2 protein chains.
Amino acid sequence: MAITLKDVAKHAGTSIAAASATLNPGNKSNTRVGDIARHRILSAASELGYAYNPIAKSLVTGKTGVIGLMLPYADAFVDQNPFCATLLASIVTSLMQKHYNLMLYTATSGSVTESSKVAIDSRVDGILLVVPPVNSDVFSHCDKRSIPYVSVIRDIDENACSVNCDDYTGGYMATKHLIDLGHRRIAHFVGNPDVSTTAARLEGYRAAMHDAGIPESDHIEVPSGFLREPGYQSAMMTFSGNPQSAPTAVFACNDLCAAGALQALSELGISVPDEVSIVGFDDTPFSASLQPPLTTIRMPIQEMGSLAVELLVNIIEDRQPTTRQHCLPVSLTLRSSTSTSPKT
Amino acid sequence: MAITLKDVAKHAGTSIAAASATLNPGNKSNTRVGDIARHRILSAASELGYAYNPIAKSLVTGKTGVIGLMLPYADAFVDQNPFCATLLASIVTSLMQKHYNLMLYTATSGSVTESSKVAIDSRVDGILLVVPPVNSDVFSHCDKRSIPYVSVIRDIDENACSVNCDDYTGGYMATKHLIDLGHRRIAHFVGNPDVSTTAARLEGYRAAMHDAGIPESDHIEVPSGFLREPGYQSAMMTFSGNPQSAPTAVFACNDLCAAGALQALSELGISVPDEVSIVGFDDTPFSASLQPPLTTIRMPIQEMGSLAVELLVNIIEDRQPTTRQHCLPVSLTLRSSTSTSPKT
DNA sequence: ACATTCTGATGAAACGTTTCATCAATTACG
DNA sequence: CGTAATTGATGAAACGTTTCATCAGAATGT
């Protein structure tokens with residue numbers, strides 16, 4: 001049915017090897033082909049409508065030109081967290097520039113490890129693991145198959161490559177910003193406990209509070225989560241009580257959580273930023289659409305995506321990166337959800 | 001290096017064919033293998049750490065178990081439009097249930113056709129085209145390679161499979177809703193002209209206006225777009241003039257556009273919904289986070305994704321679908337961005 | 001003029017599966 | 001009991017590339 005190299009070679013009156021060397025990208029063979037032959041092959045190919053078969057190539061070279069991207073939780077993470085879309089866009093764009101294709105894997109809650117193995121077994125050249133709540137099983141599986149991986153937003157062991165942002169400093173900056181505005185009763189809506197990010201941002205919060213001389217007893221750490229709903233719930237819990245003792249500011253674990261909080265406050269008739277200031281974390285495109293536009297810590301999502309791709313491709317192509325653990329800087333994006341404390 | 005079927009067979013003292021039939025999923029051969037042999041093969045495989053090679057299988061079967069998803073515009077569409085994330089999540093989830101993998105392709109503006117060909121040439125079993133501003137070139141390319149495709153949110157010709165939602169009725173419902181609230185001066189922020197969706201929603205708007213007896217001269221059609229920025233611009237243009245003649249309601253081409261409009265109105269000090277009502281279109285998770293939460297037309301994005309997958313997989317597996325053109329119903333989601341016209 | 005290198009070219013062996021055709025031995029059937 | 005069907009099993013031919021080893025002849029160097 002399909003036209004193969006053999007057909008082209010026969011039609012051009014040359015050998016298959018010559019046709020292969022002429023038509024196919026990146027041939028490493030020592031096969032040389034002269035001008036006359038080249039032209040005959042080229043025209044034979046276009047005449048017959050030759051379609052190159054990457055599968056066959058992969059079989060012999062052992063490379064697929066595909067990298068796998070493991071995103072957890074299609075339901076919640078991909079669907080609802082704009083951070084994910086931004087990262088994905090950055091990754092797919094970077095990959096295409098480097099002429100790699102992207103295979104996307106997701107797991108619905110629970111089966112992350114299982115799904116990862118599916119990904120690994122489908123013969124990708126490398127794997128990008130994003131915020132993976134995977135156990136070390138997955139990594140040893142990768143190692144066994146000798147598939148290189150880079151993890152994004154998660155520390156693995158010393159040997160693994162990873163790309164993170166400076167969550168600790170981000171948490172510190174967010175909290176410090178609120179302190180500088182005169183706030184003292186500052187709540188932190190803490191993210192999901194299974195992600196390393198959560199601990200780092202929390203540590204930043206604690207350090208900033210500590211450095212400002214606010215005693216630990218006045219820290220307000222509210223268990224929350226990275227989605228809108230937990231942010232809403234936490235805000236409802238925190239602000240529906242006595243307004244005298246309620247915090248005057250919130251550092252939410254991310255923008256989505258902040259969005260939920262924003263809505264809760266609006267429903268409670270509490271004005272942001274006049275009565276309560278809010279800082280988020282992520283700075284995805286939608287954060288500017290919130291009312292009021294959200295002051296937040298900007299994660300360099302684009303850069304993280306392209307750096308992760310860069311690292312992974314380097315490893316795949318046997319250029320070992322000099323730095324294996326990367327931590328990109330964050331910055332404060334000032335918008336309208338924070339202002340000076342009403343008590344000062 | 002890697003352990004192959006041959007190794008396993010030798011170690012188990014059986015034939016390769018037996019090992020293949022035992023270890024590999026969906027074998028269609030008539031090769032039978034008895035219990036004793038099966039056990040020996042199984043234990044040999046786990047002992048040696050056999051890793052199945054899908055590439056080799058693909059080469060002989062001609063199937064890859066991969067479908068390609070073509071999303072235009074990684075920069076704007078994927079990054080910023082939550083609709084895209086929701087659809088993607090739905091598609092990837094549905095595909096995994098059907099044991100297909102997802103290869104993701106995007107094009108940065110302009111090279112959509114080129115990127116599509118890359119997708120087609122990488123031997124996927126089928127292609128999902130989402131909102132593709134592609135020319136018919138792409139489809140004939142698919143046909144030439146006899147790769148089935150389903151297009152989402154775009155009408156192709158009669159023969160092609162497509163999944164759309166009822167944009168016309170959505171546009172009608174949105175406008176009718178505003179009319180029912182007593183509005184007469186209703187603007188429509190029109191989407192990008194290159195998408196068929198745009199025309200359908202616009203027609204719905206016109207029909208509803210017409211049915212309400214509002215003369216064409218009073219229609220207010222503002223060229224806008226599907227992103228936040230054009231929504232913002234259009235609102236600024238529309239509402240910065242004389243408030244007497246300004247519309248009292250807006251039907252935005254989608255939620256992102258509505259979000260931009262919302263922000264513009266907030267900056268202009270115009271209250272929503274007290275002074276101006278706004279209806280969006282899409283109803284992605286983030287639409288409820290807006291202030292005020294957005295009244296919008298709900299697209300059944302999840303269902304569209306899973307239906308598209310269902311159709312494509314059916315075609316791939318030679319079960320021709322009975323209905324080829326699908327148009328899913330939309331509905332009105334009432335939130336807080338609309339209220340009765342201030343003039344009534 | 002002879003040895004060496006270079007150029008153009010080719011055949012064939014991989015790559016790791018699936019699956020067809022074949023076969024012996026066993027079981028079922030009338 | 002003879003024939004037919006079933007079971008368990010195997011060897012080998014694909015699938016469409018890449019690439020190694022080889023070779024003839026031309027160009028180059030001494």
Side-chain angles (χ1 to χ4, degrees), chain A residues 1-42 44-45 48-66 121-125 145-146, chain B residues 1-42 44-45 48-66 121-125 145-146:
Chain A
M1 192 78 205
I3 307 299
T4 75
L5 269 188
K6 188 152 78 176
D7 301 320
V8 173
K10 181 181 293 178
H11 197 261
T14 67
S15 69
I16 298 182
S20 172
T22 306
L23 293 172
N24 291 338
N27 63 311
K28 291 184 176 99
S29 77
N30 60 358
T31 302
R32 274 173 269 270
V33 41
D35 283 349
I36 354 88
R38 159 166 286 110
H39 278 99
R40 302 189 54 167
I41 291 168
L42 250 25
L48 298 171
Y50 169 69
Y52 167 66
N53 186 333
I55 307 289
K57 173 176 185 167
S58 293
L59 183 58
V60 33
T61 59
K63 298 279 173 192
T64 55
V66 173
D121 284 335
S122 60
R123 301 291 161 126
V124 291
D125 289 349
R145 304 267 181 276
S146 55
Chain B
M1 190 79 206
I3 307 298
T4 75
L5 270 188
K6 188 151 78 174
D7 302 321
V8 173
K10 181 181 293 177
H11 197 262
T14 67
S15 69
I16 298 181
S20 172
T22 305
L23 293 171
N24 290 340
N27 62 311
K28 290 184 177 99
S29 79
N30 61 358
T31 302
R32 274 174 269 273
V33 40
D35 281 349
I36 356 86
R38 157 166 287 111
H39 278 99
R40 303 189 54 165
I41 291 168
L42 250 25
L48 297 172
Y50 170 68
Y52 168 67
N53 186 334
I55 306 288
K57 172 176 188 169
S58 293
L59 183 58
V60 31
T61 60
K63 298 279 173 192
T64 55
V66 173
D121 284 336
S122 59
R123 302 288 163 126
V124 292
D125 289 349
R145 303 266 183 276
S146 55

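Keep in mind that what you see is a predicted model, and the values were worked out from it rather than measured. Every chain is numbered from 1 and lettered A, B, ... according to where its sequence line falls, protein lines coming before strand lines.
Phosphate proximity of C:dT10 to A:S15: present, with a side-chain N or O under 4.0 Å from OP1 or OP2. Look at A:S20 and you won't find any side-chain N or O under 4.0 angstrom from OP1 or OP2 of D:dT17. Proximity of B:N24 to the phosphate of C:dT18: a side-chain N or O atom is located under 4.0 Å from OP1 or OP2.
Heavy atoms of B:A21 sit nowhere under 4.0 angstrom from any nucleic acid atom.
Here the closest non-hydrogen pair linking B:H11 and B:A44 is ND1-CB, 3.6 Å. Scanning both residues, A:I3 and A:Y50, for their nearest heavy atoms gives O-CD1, 3.5 Å.
For A:A17, taking side-chain heavy atoms from C-beta onward, the closest of the listed nucleotides D:dT7, C:dT18, C:dG11 is C:dG11. The listed nucleotides are C:dT7, D:dT18, D:dG16; the one nearest the side chain of A:A56 is D:dG16.
Residues B:L5 and B:Y52 are not in side-chain contact: their nearest non-hydrogen atoms beyond the backbone lie 4.5 Å or more apart.
For A:I16 and B:G34, each mapped to the nucleotide of DNA chain D holding its nearest heavy atom, the one lying further toward the 5' end belongs to B:G34. Both B:L59 and B:G13 sit near DNA chain D, but only B:G13 has its closest nucleotide nearer the 5' end.
Rounded to whole Å, atom P of C:dA14 lies 17 Å from atom CG of B:N53.
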